[in-house]
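Here is the structure we will look at, set down as structure tokens.
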Amino acid sequence: MKKIRDKAKERMKGACRLCAVCDGRVCAGEVPGMGGLGTGAAFRNNVAALAAVTLNMRLVHDVCDPVAAVTWLGLDLSMPVVAAPIGGMFNFNEALTEDAYVRAVIGGCRAAGSIGCTGDGVPPVIISSGITAIKNAQGHGIPFIKPWESRELDEKLEQAIASGCKILGMDIDAAGLITLRKMGRPVGPKSLKELTRIINTVKSAGVKFILKGVMTVQDARLALEAGADCLVVSNHGGRVFAASPGVAQALPAIAKAVKGQISIMADGGVRNGADVFKMLALGADIVGIGRPVTIAAIGGGCEGVSALFATLKAELEQTMILTGCGNIEAADSTTLFKA
Ligand SMILES: Cc1cc2nc3c(=O)[nH]c(=O)nc-3n(C[C@H](O)[C@H](O)[C@H](O)COP(=O)(O)O)c2cc1C
């Protein structure tokens, strides 16, 4: 991983400083770029909220070969981790083309027994590269589209479904993206009625639906009511609303309200296998990784991404041993340390 990170640093020419701890301090306000919006507080909150969680260390047990594999939305995965959707490589000093980036993410995740998500935005090369990569991977990828308005939304939905994907997502929190606002592009919140219509369109094509950008119990209940198969507790990596709490802070209440009725993904600030475990213990069924995947893809392509996933899996398994969890189901709230 060190070689991969060094290469990424060289290729990104300052667009990301590859700090020892990726917590949004140095890149505060760098949107576009790798940072968090404004003061960068929401990005920092994600990392700080996870750091504040500690786990019960248990060693008197017989768990030596924990099983990290899970089935999620009908997919068999080697561990409950996926690559979060990230787009806009042109913001990283052309470190990689959009096509090469999504190929690395989709291919690297697949090689690691996982699945990669792809993003959307302006210019259209972001979504078209993702869709092409997913098509070429026989539908093994999850395209995320933005909450566009009117005809543009339906066109993008059609395009995404045509990729052959089995699961499709919408990052509803992109309504707060400064990059799109600056370009005068029509994205916005969706009413329950409109969200239900979108989800029905997707599901009638035999495709499962993920709603990304849920930070409250109210929105989680509405996602469930609208018929989503999965929601993502996410603040877009701190890029849309600086006043947002850390994801790990918002997750437990959401899990308490809807766990078991809808699948729960969480992303934001996850940097290692112990962080993955913490999100699971706080109530997630599956965990998304953003910036570390981008760095791995830029520094090492497909192999970089699969190397990162191998590292995360080894760290997750080690955490499972140290908490006495033989499988992912056991990674529940009883593993959280409470003084
Ligand atoms: C540069 C960049 C671009 C992103 N583009 C998208 C996107 O197109 N669609 C989307 O749903 N999320 C996008 N995200 C948010 C990520 O999917 C994810 O929520 C976030 O990066 C998770 O936080 P982490 O990077 O701390 O792991 C982007 C994030 C970054 C840093």
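Positions are given from 1, in the same order as the sequence printed here. When a ligand or atom number is given, it counts from 1 through the structure's own listing order. Note that the structure is a prediction, hence the values are computed from the model and not measured.
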(request) Could you walk me through whether Asp23 and Arg271 pass salt bridge (charged side-chain N to carboxylate O under 4.0 Å, His left out), step by step? (result) CA-CA 9 Å; Asp23 59 4; Arg271 299 292 176 260; over 6 Å; no

(request) Evaluate the criterion salt bridge (charged side-chain N to carboxylate O under 4.0 Å, His left out) for residue pair Glu30 and Arg17; output intermediate values, then yes/no. (result) CA-CA 12 Å; Glu30 293 183 12; Arg17 266 67 109 224; 2.7 Å; yes

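Ligand 1 has no N or O atom lying under 3.5 Å from any N or O atom of Gly119, backbone or side chain.
Close approach of ligand 1 to Lys146 is summarised as follows: ligand atoms under 4.0 Å from at least one heavy atom of the residue are 7 (C), 8 (O), 9 (N). With ligand atoms numbered from 1 in the order given, ligand 1 contributes 10 (C), 11 (O), 12 (N), 15 (C), 16 (C), 17 (O), 18 (C), 19 (O) to contacts under 4.0 Å with heavy atoms of Lys212. Atoms of ligand 1 lying under 4.0 Å from at least one heavy atom of Gly87, given by number and element, are 3 (C), 4 (C), 5 (N), 8 (O). The atoms of ligand 1 that sit less than 4.0 Å from any heavy atom of Asp267 are 18 (C), 19 (O), 22 (C). For ligand 1, the atoms lying closer than 4.0 Å to a non-hydrogen atom of Arg271 are 24 (P), 26 (O), 27 (O). Those atoms of ligand 1 with a heavy atom of Arg291 less than 4.0 angstrom away are 23 (O), 24 (P), 25 (O), 26 (O), 27 (O), 31 (C). The contact set between ligand 1 and Asp120, taken as ligand atoms under 4.0 Å from a residue heavy atom, comprises 8 (O). Of all atoms in ligand 1, numbered sequentially from 1 with element shown, those under 4.0 Å from a heavy atom of Gly33 are 1 (C).
Here Val232 has no heavy atoms under 4.0 Å from ligand 1, in either its backbone or its side chain. At a heavy-atom distance under 4.0 Å, no atom of Met170 approaches ligand 1. Both the backbone and the side chain of Pro85 come within 4.0 Å of ligand 1, counting heavy atoms alone.
Residue contact check for ligand 1: Ser234 places a non-hydrogen atom closer than 4.0 Å to it. Contact analysis puts Ile86 in contact with ligand 1, with a non-hydrogen atom separation below 4.0 angstrom. Using a non-hydrogen distance threshold of 4.0 Å, Gly268 registers as a contact of ligand 1.
Side chains of Asp173 and Asn235: a donor-acceptor N/O pair is absent below 3.5 angstrom, by distance only. At a cut-off of 3.5 Å, with distance as the only test, no side-chain donor of Arg221 or Gln261 sits close to an acceptor on the other residue. Side-chain atoms of Trp148 and Asp154 include no donor-acceptor pair closer than 3.5 Å. A donor-acceptor contact under 3.5 angstrom links the side chains of Thr334 and Asp332, judged on distance only. Donor-acceptor pairing under 3.5 Å is recorded for the side chains of Asp99 and Ser129.
Nearest heavy-atom pair across Val233 and Ala250 is CG1-CB, 4.4 Å.
By the 6.0 Å and 45° rule, Arg291 stacks over the aromatic ring of Phe43.
The protein heavy-atom contact nearest to atom 30 (C) of ligand 1 is Arg239 NE, 3.4 Å.
Between the side chain of Lys156 and the backbone N or O of Ile145 there is no donor-acceptor pair closer than 3.5 Å. Judged purely by atom type and a 3.5 angstrom limit, Arg11 uses its side chain to pair as donor or acceptor with the backbone of Ile298.
In this structure, of Ala174, Gly290, Ala15, the residue bringing a heavy atom nearest to atom 21 (O) of ligand 1 is Gly290.
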